[in-house]
Undergrad: 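My questions will all concern the structure given below.
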Amino acid sequence: MNKFYITTPIYYVNASPHIGHAYTSIIADCMARFKRISDYQVFYLTGTDEHGEKVKKAAMSLNKEVNEFVDTVSENFNRLWERLNISHDFFIRTTQSKHIETVKKFIIKLEEKGDIYKDTYKALYCVPCEAFWSESQVAEAGVCPDCKRAVEEIEEENYFFKLSKYADWFKQYLKDNPDCIKPKIRYNEVRGFIDNNDLADLCISRPKTRVSWGIEFPLDNDYVVYVWFDALINYLTGVGIFDDEARFKEWWPADIHFIGKDILRHHGIFWPIMLKALDIGMPKLVFAHGWWKFEGEKISKSRGNIVNPFDLVTALSQVLGENQDSAVDALRYFLLREVPVGMDGSFSWPALVNRINSDLANDLGNLVFRTLNMAEKYFAGQIKPNSKEIPEVFKGALEKLESNYRETMEAVEFSLALSHVFKFISVMNKFIEETKPWTLNKEGKQEELANFLYSLLEGIRIVSLYIYPVMPSTANAIRRQLKLASDSFSLKESSWGLVDTFSIEKKSPLFPRIDIKNNSD
RNA sequence: CGCGGGGUGGAGCAGUCAGGUAGCUCGCAAGGCUCAUAACCUUGAGGUCUCAGGUUCAAAUCCUGACCCCGCAACCA
């Protein structure tokens, strides 16, 4: 069976999860589920990044022990993934001993290769913020961009990783692999950066006097490992490098690293070079998604417009008839449909409600409801067609849908994939209008009516497969109403006529329409 | 002259690479239908494609210049 290894970044635990974290995990989840129903064996890794002074400070500000604090926040993420129906296979934490060992071994091996050296490091430093800044960030004013206080130039000894040694190799690698970073603009960004800048060596240690919460630097116990260096290695720890050779061989290289566009440099430049230094294979694809803005504005703590995914699901759930599964699916749908992965999007309550009403309630939900309603009304829920022939208008539409769907899903074009699915939903709604089943019923054309309903049910069954990666609960809800085995999804079953007779059980509509006037946020 | 993205009917976007009477979703208006969640189906109104020049038989699309918005500028998750 084909393997597919997919990762999210590990999330930094200095704050609680927000909509952006949820977005990354939902994208990865959609891909993971798509691959599973395409008969891949998937390993989906996510987790939390727990080291660094910022984490310690966050803990201290809450009067908590660091250990306790990271446990709590990490658990928050875990709970969120559960809530959002994220199907990860493993949740890694950088404070786990296995990961700590991996990082240490990684650095020792680099040292053995002669890729680590100690040097004096000079930079602009803001003491109260404990942060380094580049000259361009500090600008003419000579103050910290965060707190606006004066920065000072400090000097300290640190350990460096020889990135520069691999600069030529990296340039060639980029040139030879134009598809290693997507979307294209992000690839171009990395290319442009490399072409216009000299690659400086990477400082990978921090003196304990300044940063105490981290993995001890294996070559010198006065230092800890720089958090990013520690964090990236999680992708290797997760599949057993250094401790389970067979497993590692099975899964590495990663098929997709999903990341936010803010961490492109780390994944697009540092990461491949780190791997190259130890002769580890390159990941096949780094895919950078865009940002969600809130009503057109950047989401940030200072603006106070952070969208808390827990609250969002709760609020959505309230307007969707206290149905949390629907709320989660609606959110997943919105995030994946509204904007192509890779572009920035604008999140707002009206946009969300609008999407849910027009696509999920009016088109999909209503189609399923009206179809089941007719099946119940005209045939007491038992549809036994005397012909399983596919209607002419479905034929071309379904063929196109199948190829378009696979193509766009493979290419991480989830928004397009969904638009193709909903085009077919629209074809079915039109088909009802044109066939006029109510007339068939009045004229007593029961056979024709049964065949007609069979076609709709079969179409809906196929749709349930296609929407599964995006809306797993809804896909299951549909299958339950068709009395088909739930949680058994495979794209192999997307061909026509696999069901002989339908025996349905109508429930309440999948998504109620949300009354705009009740939009309590 | 730091790098990049963008300015297309009321809103959000596609079309720009390979020029040929401007397309999609939502909203709005009228009509139809009744199996359905005031839903669904049909039709319609609404755009000098940021501006100014230029190339061309023909420009949203190519060239030049300007204006405006938004990101990013390597220890920031």
Side-chain angles (χ1 to χ4, degrees), chain A residues 9-15 20-21 24 48-49 52 54-55 121 123 125 129 131-137 139 145-146 158 163 185-186 188-189 192-193 195-200 202-206 211 226-229 231 259-267 269-270 290-291 293 296-298 321 337-340 343-346 348 350-351 354-355 357-378 415-416 419 422-423 426 428-441 449 452-453 456 506 508-515:
Chain A
I10 45 175
Y11 304 107
Y12 204 51
V13 295
N14 67 334
H21 298 116
T24 315
T48 43
D49 180 9
K54 276 200 168 183
V55 171
Y121 183 55
Y125 187 64
C129 291
F132 284 104
W133 303 103
S134 68
E135 276 180 40
S136 58
Q137 287 170 314
D146 256 9
N158 266 311
L163 275 188
I185 47 163
R186 304 270 96 99
N188 292 341
E189 209 174 306
F193 181 78
D195 290 342
N196 298 325
N197 297 275
D198 287 331
L199 208 50
L202 183 67
C203 176
I204 59 168
S205 71
R206 295 291 182 274
V211 177
Y226 165 44
V227 267
W228 256 114
F229 206 76
I259 61 167
K261 65 178 183 178
D262 54 324
I263 52 175
L264 179 64
R265 299 249 165 104
H266 310 86
H267 288 80
I269 301 174
F270 303 160
W291 284 131
K293 297 183 197 175
E297 285 206 315
K298 192 175 171 177
R337 175 66 185 90
E338 189 75 358
V339 168
M343 303 267 99
D344 287 352
S346 182
S348 71
N354 190 41
R355 265 289 166 210
N357 279 347
S358 66
D359 294 2
L360 299 182
N362 295 352
D363 292 346
L364 172 62
N366 187 46
L367 170 70
V368 172
F369 190 74
R370 70 199 295 210
T371 301
L372 294 184
N373 193 60
M374 286 187 274
E376 204 170 60
K377 200 163 187 168
Y378 299 148
S415 179
L416 264 179
S419 83
F422 276 76
K423 233 173 253 165
S426 173
M428 285 196 274
N429 272 322
K430 225 166 280 184
F431 181 59
I432 297 176
E433 225 56 48
E434 282 158 8
T435 310
K436 302 190 199 314
W438 47 91
T439 308
L440 294 181
N441 182 52
L449 195 52
F452 160 80
L453 280 171
L456 288 178
K506 188 185 77 171
S508 51
L510 296 170
F511 295 92
R513 263 185 79 82
I514 299 169
D515 188 345

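Small disclaimer: the values here were computed from a predicted structure and weren't measured. Letters go in sequence order (proteins before strands), and every chain restarts at 1.
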Undergrad: Suppose we screen for side-chain contact (heavy atoms from CB on, under 4.5 Å). Which residues come up paired with A/Asn188, at least two apart in sequence or across chains?
TA: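 If we apply the side-chain contact (heavy atoms from CB on, under 4.5 Å) test to A/Asn188, skipping adjacent residues, the hits are A/Lys184.
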Undergrad: How close do A/Ala200 and A/Leu163 get, counting heavy atoms only, and between which atoms?
TA: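 Minimum heavy-atom contact is O-CD1, 3.4 Å.
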Undergrad: Represent RNA chain B in dot-bracket notation, 5' to 3'. Only Watson-Crick or G-U wobble pairs with both distances under 3.5 Å count; pseudoknot-style crossings use [ ] and interstrand partners use |.
TA: .(((((((.[[[[.)....(..]]]].(((((.......))))).....[[[[[..)....]]]]])))))).....
Undergrad: Between B/C33 atom P and A/Trp438 atom CH2, what is the distance in whole Å?
TA: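 After rounding, the reported distance stands at 10 Å.
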Undergrad: Name all residues meeting the side-chain contact (heavy atoms from CB on, under 4.5 Å) criterion together with A/Glu189; count only those two or more places apart in sequence or in a different chain, and write none if there are none.
TA: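 side-chain contact (heavy atoms from CB on, under 4.5 Å) check on A/Glu189 returns A/Arg186, A/Leu264.
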Undergrad: Quick one: list whatever passes side-chain contact (heavy atoms from CB on, under 4.5 Å) with A/Lys423, sequence neighbours left out.
TA: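 A/His420.
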Undergrad: Can you give me the closest heavy-atom contact between A/Pro9 and A/Ile259, atom names plus distance?
TA: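 Here A/Pro9 and A/Ile259 meet closest at CG-CA, 3.9 Å.
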Undergrad: Could you pull out every donor-acceptor pair under 3.5 Å between side chains of residues 360-368 of chain A and any protein atom, sequence neighbours left out?
TA:
| from | atom 1 | to | atom 2 | distance (Å) |
| --- | --- | --- | --- | --- |
| A/Asn362 | OD1 | A/Arg513 | NH1 | 2.8 |
| A/Asn362 | ND2 | A/Asn357 | O | 3.4 |

Undergrad: Tabulate protein N/O versus nucleotide N/O from nucleotides 25-27 of chain B, keeping only pairs under 3.5 Å, one per line.
TA:
| from | atom 1 | to | atom 2 | distance (Å) |
| --- | --- | --- | --- | --- |
| B/C26 | O2' | A/Asn354 | OD1 | 3.2 |
| B/C26 | O2' | A/Asn354 | ND2 | 2.8 |

Undergrad: Let's see if you can work this out: which of B/C76, B/C33, B/A74 has an atom nearest to the side-chain heavy atoms of A/Lys54?
TA: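 The nucleotide sitting nearest to the side chain is B/C76.
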Undergrad: With sequence neighbours left out, what residues match A/Ser426 under side-chain contact (heavy atoms from CB on, under 4.5 Å)?
TA: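 Partners of A/Ser426 under the side-chain contact (heavy atoms from CB on, under 4.5 Å) test: A/Lys430.
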Undergrad: Ignoring backbone atoms, test whether A/Lys436 places a side-chain nitrogen or oxygen under 4.0 Å from the OP1 or OP2 oxygen of B/G32.
TA: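 The answer is no; no side-chain N or O of A/Lys436 sits under 4.0 Å from OP1 or OP2.
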Undergrad: By nearest heavy atom, map A/Glu434 and A/Pro437 onto RNA chain B; which one lands nearer the 5' end?
TA: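 Nearest nucleotide further toward 5': that of A/Pro437.
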Undergrad: State which of B/U37, B/A77, B/C35 makes the closest approach to the side chain of A/Phe369.
TA: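 So the nucleotide nearest the side chain must be B/U37.
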Undergrad: Can you name the side-chain hydrogen bond (donor to acceptor under 3.5 Å, both in side chains) partners of A/Asp344, sequence neighbours left out?
TA: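 Scan of A/Asp344 (side-chain hydrogen bond (donor to acceptor under 3.5 Å, both in side chains), adjacent residues dropped) gives A/Lys261.
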Undergrad: Picking from B/C41, B/U37, B/C35, which would you name as closest to the side chain of A/Ser426?
TA: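 Comparing B/C41, B/U37, B/C35 against the side chain of A/Ser426, the answer is B/C41.
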Undergrad: Which residues satisfy the ring pair (Phe, Tyr, Trp, His ring centres under 6.0 Å) test with A/Phe369, sequence neighbours excluded?
TA: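 Result, ring pair (Phe, Tyr, Trp, His ring centres under 6.0 Å) vs A/Phe369: none returned.
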Undergrad: Taking atom P of B/C3 as reference, at what distance in whole Å does atom CG of A/Leu264 sit?
TA: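 Roughly 18 Å, once rounded to whole Å.
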Undergrad: Identify which nucleotide among B/C40, B/G5, B/A74 has an atom closest to any side-chain atom of A/Asn366, counting heavy atoms from C-beta outward.
TA: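 Taking heavy atoms from C-beta onward, the closest nucleotide is B/C40.
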Undergrad: Is A/Trp228 stacked on the base of B/A77, with ring centres under 5.5 Å apart and planes under 30° apart?
TA: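 It does: the two rings, one from A/Trp228 and one from B/A77, meet the stacking criterion.
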Undergrad: Would you kindly give the CG-to-C1' distance between A/Asp262 and B/C76, to the nearest whole Å?
TA: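 About 9 Å, once rounded to whole Å.
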Undergrad: OP1 or OP2 of B/A74 sitting under 4.0 Å from any side-chain N/O of A/Tyr226?
TA: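 No.
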Undergrad: If each of A/Asp49 and A/Ala361 is mapped to the nucleotide of RNA chain B with the nearest heavy atom, which maps nearer the 5' terminus, i.e. the 5' end?
TA: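 First, find each residue's nearest nucleotide; the 5'-ward one identifies A/Ala361.
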Undergrad: Using atom CD of A/Glu189 as one end and atom P of B/G6 as the other, report the distance to the nearest whole Å.
TA: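 These atoms are roughly 13 Å apart.
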Undergrad: Please give, in whole Å, the distance from B/U37 C1' to A/Lys506 NZ?
TA: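 Rounded to whole Å, this separation is 11 Å.
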Undergrad: What integer distance in Å separates A/Tyr12:OH from B/A77:P?
TA: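 The answer, rounded to whole Å, is 7 Å.
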Undergrad: Rounded to whole angstrom units, what separation is found between the CD1 atom of A/Ile263 and the P atom of B/A73?
TA: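 After rounding, the gap between these two atoms is 13 Å.
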Undergrad: Picking from B/A74, B/A77, B/C41, which would you name as closest to the side chain of A/Lys430?
TA: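 Of the candidates, B/C41 comes closest.
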Undergrad: To the nearest angstrom, how far is A/Asn188 atom CG from B/A73 atom P?
TA: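 Taking atom P of B/A73 as the reference, CG of A/Asn188 is at 18 Å.
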Undergrad: Would a line drawn from the ring center of A/Phe270 to the ring center of A/Phe229 be shorter than 6.0 Å?
TA: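 Not close enough - the centres of the two rings lie 6.0 Å or further apart.
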Undergrad: Distances under 3.5 Å only, N/O to N/O: pair up the protein atoms with those of nucleotides 8-15 of chain B.
TA:
none

Undergrad: Under the ring pair (Phe, Tyr, Trp, His ring centres under 6.0 Å) rule, collect the residues that match up with A/Tyr11, sequence neighbours excluded.
TA: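 With neighbours one apart ignored, the set is A/His21, A/Phe77, A/Trp81.
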Undergrad: A/Phe422: what forms a ring pair (Phe, Tyr, Trp, His ring centres under 6.0 Å) with it, not counting sequence neighbours?
TA: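 A/Phe422 satisfies ring pair (Phe, Tyr, Trp, His ring centres under 6.0 Å) with A/Tyr333 only.
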